[in-house]
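Below is one structure, written out as structure tokens; the observations come after it.
Just so you know, residue 1 is the first one in the sequence shown, and it goes up from there. Note: hydrogens, waters and symmetry copies are ignored here, and every other heavy atom, side chains too, is used. Predicted model, so just to flag it, every value in this text is computed and none were measured.
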Amino acid sequence: MIAVVHTHPNGVDPKPAGHDLRLADRFGVPVFTITQRGMYVYDPELKKTSMVQDGLDWLDSSRWNQDRNVAGKIIR
């Protein structure tokens, strides 16, 4: 899987938006954002944004499942 992953500053919406969505739609790749409020992904196929992990759970490997359903897809 190819994707774009980046951080968002604490003072803005943690979910992918604006330029993130246009980039994902243009290239057909998911865009993940990681913040202290959580990790999110926008899926350009489904036109849907989903939370992957809440808060800082993305920092703790024990909180990750081996297989995770994100935006209708299994992430391994």
Would V4 and H6 count as a side-chain contact (heavy atoms from CB on, under 4.5 Å) here? Give the steps. CA-CA 7 Å; V4 174; H6 68 277; 4.1 Å; yes

Can you tell me how far the OG1 atom of T35 sits from the CG atom of L56, to the nearest 0.5 Å? 7.5 Å

Examine distances only and state if a side-chain atom of W58 and a backbone atom of R63 form a donor-acceptor pair shorter than 3.5 Å. no

Across all chains, not counting sequence neighbours, the side chain to side chain donor-acceptor pair (under 3.5 Å) partners of N10 are none

dist Y40:OH -> T49:OG1 (nearest 0.5 Å) comes out at 10.0 Å

Walk me through whether D57 and D54 qualify under side-chain contact (heavy atoms from CB on, under 4.5 Å). CA-CA 6 Å; D57 287 353; D54 189 33; 4.2 Å; yes

The residue among D25, L23, V29, D20 that forms side-chain contact (heavy atoms from CB on, under 4.5 Å) with Y42 is D25

Is it true that V52 and V5 fall in one hydrophobic cluster, defined by side-chain heavy atoms closer than 4.5 Å? yes

Heavy-atom side-chain contact between P16 and L21 under 4.5 Å: yes

Would L59 and V41 show up in the same hydrophobic cluster when neighbours are defined by side-chain heavy atoms closer than 4.5 Å? yes

May I ask you to decide if I34's main-chain N or O and H8's side chain share a donor-acceptor pair within less than 3.5 Å? no

If you look at every heavy atom in P44 and A24, which pair is closest and at what distance? CB-O, 3.5 Å

Please walk me through it: do F32 and M39 pass side-chain contact (heavy atoms from CB on, under 4.5 Å)? CA-CA 7 Å; F32 289 81; M39 176 187 282; 4.2 Å; yes

In terms of heavy-atom contacts, does NE2 of H19 have more than 12 from other residues, nucleotides or ligands at under 6.0 Å? no

Donor-acceptor check, side chain of T33 to backbone of T7, threshold 3.5 angstrom: yes or no? no

